[in-house]
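The basis for the numbers below is simple: all heavy atoms, side chains too, and nothing from hydrogens, waters or symmetry mates. Lettering follows sequence order; numbering is per chain, from 1.
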Protein chains: 2
Amino acid sequence: MVRRNIPLVEQVLHELVSDIDRGEYAHADGMLPSEADLALNFKVSRATVRDALSRLETAGVVIRRHGVGTFVNQFVTEHPAGLQDWFEEAHGFVDALTSLGGDPQVLVLRSVIEPAGEMSTRLQLPSHENPVIILEKVITSAGAPLIHSLNAIPLALLPSELQAQGAELASQSDSTFRFLETYCHCRVHHQQSEIRATLAGAHLASVLAYAPTEPCLRVEEVAYSVDLVPLFYGLNHFRGDLVSFRQIRRPTLNLTNVPS
Amino acid sequence: MVRRNIPLVEQVLHELVSDIDRGEYAHADGMLPSEADLALNFKVSRATVRDALSRLETAGVVIRRHGVGTFVNQFVTEHPAGLQDWFEEAHGFVDALTSLGGDPQVLVLRSVIEPAGEMSTRLQLPSHENPVIILEKVITSAGAPLIHSLNAIPLALLPSELQAQGAELASQSDSTFRFLETYCHCRVHHQQSEIRATLAGAHLASVLAYAPTEPCLRVEEVAYSVDLVPLFYGLNHFRGDLVSFRQIRRPTLNLTNVPS
DNA sequence: AAGTGGTCTAGACCACCAT
DNA sequence: TGGTGGTCTAGACCACTTA
C-alpha cells in the first residue's frame, strides 16, 4: 500500500517542514527564501513551490505577505501539538495523547451491539432498529481520568462475516479510526463536531473521579467518509479542570469583493 | 479603497458560490461539472478553476474526489451559519448574531484605560505598566444575555492624537474588529484561541442572569495582525445552556508519505 | 476505455511593499 | 526602482475510479 512516485509537491513540502523544524529560518523575522529562489534550489517550477507553500499556509505553519515575503509562524513552531489540538485536527485523542508522550490508558466500560435508537438519525440509518456497535471508554493519562467517550458505529459497515465479532474487534482496537480502517476499509474524511459546556452529573462524575457539580466540555460529533457516509457517532466528555482546546481562527473565504 | 480589476479566481469563486446557493447542483449527489467544463464555461484556464475550487474545498463548501468528481458538501448548504460558527471563523459575535437576524443588544459595562498588568505578556508589551483600553460588554440576544466579553487593546495601536479619547471611541464601536480597522488602521489576520469549561461564578452569574453553579464556555484569545503584532486580548464567557460551537475537523497536512 | 481530478512546466504580467 | 508574492495561461502527462 506504499506509494512510489511521491509527487514533487509533497517532497518540497517535506523539505520545507524539516527545514523549519530544524530551525533553518529561526532567525529574527523567520523569512523564507523567495518563491523563485526555492524553485531554483529544489529544481522545480515556481507553481510547484507555490502549491507547497499554500498548503503550509492553510495549515498555519507559514504566513505569506504580498510584496514582502513568506514567514514561519513562530507561534506554531514554539508550541508543540498535544491534546489541546485534538479539537482542531481530526484524529483520536489516544493518538494525540501518545504523540505528546502521555502514555494514555484506555479502559473499555462497555462494548455491545444494540439498536441505534435515537442515533439512527445522525448516522442516516433507515430505522431505529439498525444495529450499531456501542463502545464506551474512559481514557486516563498520568493517573487522572481525562475523557469519557461513547461511540456508535453502524454494524453494516463491517463485512458480514465479521459482524458477529464486531463488539470484540472494536473493543480491541486502539481507536475507532484504526478499527474503521482495518476492518471496514473506510477512512474518516472529516468530522462535524459540536462543543458545549455542561455539568458532569452523577454518571460522569463516578467514571471520571470528578464531582457531579463540576464543569465538563461535551463534544458531540459525527465522522464522515469522503463520500459523506456517516462512519460513527461520538459523544465525548472532558474534565473541565484538566482539558482545554486550542484553535487558530481565521477567515476562510474572502467574499467581500462583491461587485454587485 | 474599492478594488477594480477583480481577479478572475475571485469572480469564478463568486459564480460558483452563488450557483451553489441558488441550488444549481442540489440534485441527487450534488456533483459539479468537471474542471475542464467549468474552464470552458467561464472561459478561463483550468488552473484558475482549480484555484477557486481549492479555496472552496478548504472552506468545506466542496469535496473533491480523485477520479470521480467535485461535490457540494450538502451539510454546509443545509445548515445556515450562525453564532455556532463563531469559534471557527474569526470575526465578532455581534456580526455573527446580526447575520443570523438575531438583533443583538450590546451593553458596555466598562470602558477605561488601565495598565496592562498580567495581560502584558500575551500582548507582548514591554511592561505591566503599558496602557490598554479595557472594554467589558454583555451581549444580549432575544432578551437573553448570552455572552460576557472582556477585551484589552494596547493603547499604543491608536494614533497618538486619538489616544486621549481611546476608551470612548472603543465603547462606541460596533466591535473590536471595526475599532481596530477604523482608528488603528490594522486588520486581524488570525486569532489564537483556547476554549474550556468553567462554572459561572458570582460576577458572571449576575451579569448573565444565570446561576453561579451553572456551566459556561470560556474562550480566551489573542488576535494578531498579518505581521504577528498582538492586536487585542479577549476573555469571553458564553452561557452553557444557550450557546454551543460547531466545527468541521479535518486533517490539514498529510505528512504520512515520509520516504525516510 | 473514458472521464475525472492531481501534478507539473515555462513563461508572462500584475499588485504590493520597501527604499 | 527592485524584489516579493498574486494571477493567469496553454498544454502535457499521470493517477484514480467506474463501467
Considering only heavy side-chain atoms of A/V9, the closest of C/dT7, D/dG5, C/dG6 is C/dT7

Please check if the side chain of B/N130 supplies one atom and the backbone of B/A116 the other of a donor-acceptor pair under 3.5 Å.
no

How many Å lie between CG on A/D227 and C1' on D/dC16, as a whole number?
14 Å

Of the listed nucleotides (C/dT4, C/dT7, C/dG6), which one gets closest to any side-chain atom of B/R64?
C/dG6

d(CZ, B/F71; P, D/dT17) in whole Å:
12 Å

State whether the side chain of A/R249 and the backbone N or O of B/A223 hold a donor-acceptor pair below 3.5 Å, judged by distance alone.
no

Would you mind telling me which of C/dT7, D/dT7, D/dA15 lies closest to the side-chain atoms of A/R50?
D/dT7

Tell me: CG of A/L53 to P of D/dT7, nearest whole Å?
14 Å

So, does A/T70 get its side chain near the phosphate of D/dG5, meaning an N or O under 4.0 Å from OP1 or OP2?
yes

Between A/Q11 (side chain) and A/I6 (backbone), is there a donor-acceptor pair under 3.5 Å?
yes

What integer distance in Å separates B/D51:CG from D/dT7:P?
7 Å

Does OP1 or OP2 of D/dG3 have a side-chain N or O of A/R65 closer than 4.0 Å?
no

Distance-only side-chain donor-acceptor flag, A/S54 / A/R64, under 3.5 Å:
yes

By nearest nucleotide on DNA chain C, pick out whichever of B/P33 and A/G67 is the more 5' one.
B/P33

Within residues 37-48 of chain B: residues closer than 4.0 Å to DNA chain D (heavy atoms):
B/V44, B/S45, B/R46, B/A47, B/T48

Can you list the residues that meet the salt bridge (charged side-chain N to carboxylate O under 4.0 Å, His left out) rule with B/R178, with sequence neighbours excluded?
B/D95, B/D174

Can you measure A/L8 atom CG to C/dT9 atom C1' for me and round it to whole angstrom units?
10 Å

Looking at B/N5, I'd like to know whether one of its side-chain N or O atoms comes within less than 4.0 Å of OP1 or OP2 on C/dC14.
no

Among residues at least two apart in sequence or on other chains, which ones pass salt bridge (charged side-chain N to carboxylate O under 4.0 Å, His left out) with B/E24?
B/R22

Could you tell me how far apart B/E35 (CD) and C/dT7 (P) are, to the nearest whole angstrom?
11 Å

Between C1' of C/dT4 and NE2 of B/H66, the distance in whole Å:
7 Å

Interatomic distance, B/E57 CD vs C/dG5 P [rounded to whole Å]:
11 Å

Taking the side chain as every heavy atom from C-beta outward, state whether B/T182 and B/L169 have any pair of such atoms under 4.5 Å apart.
no

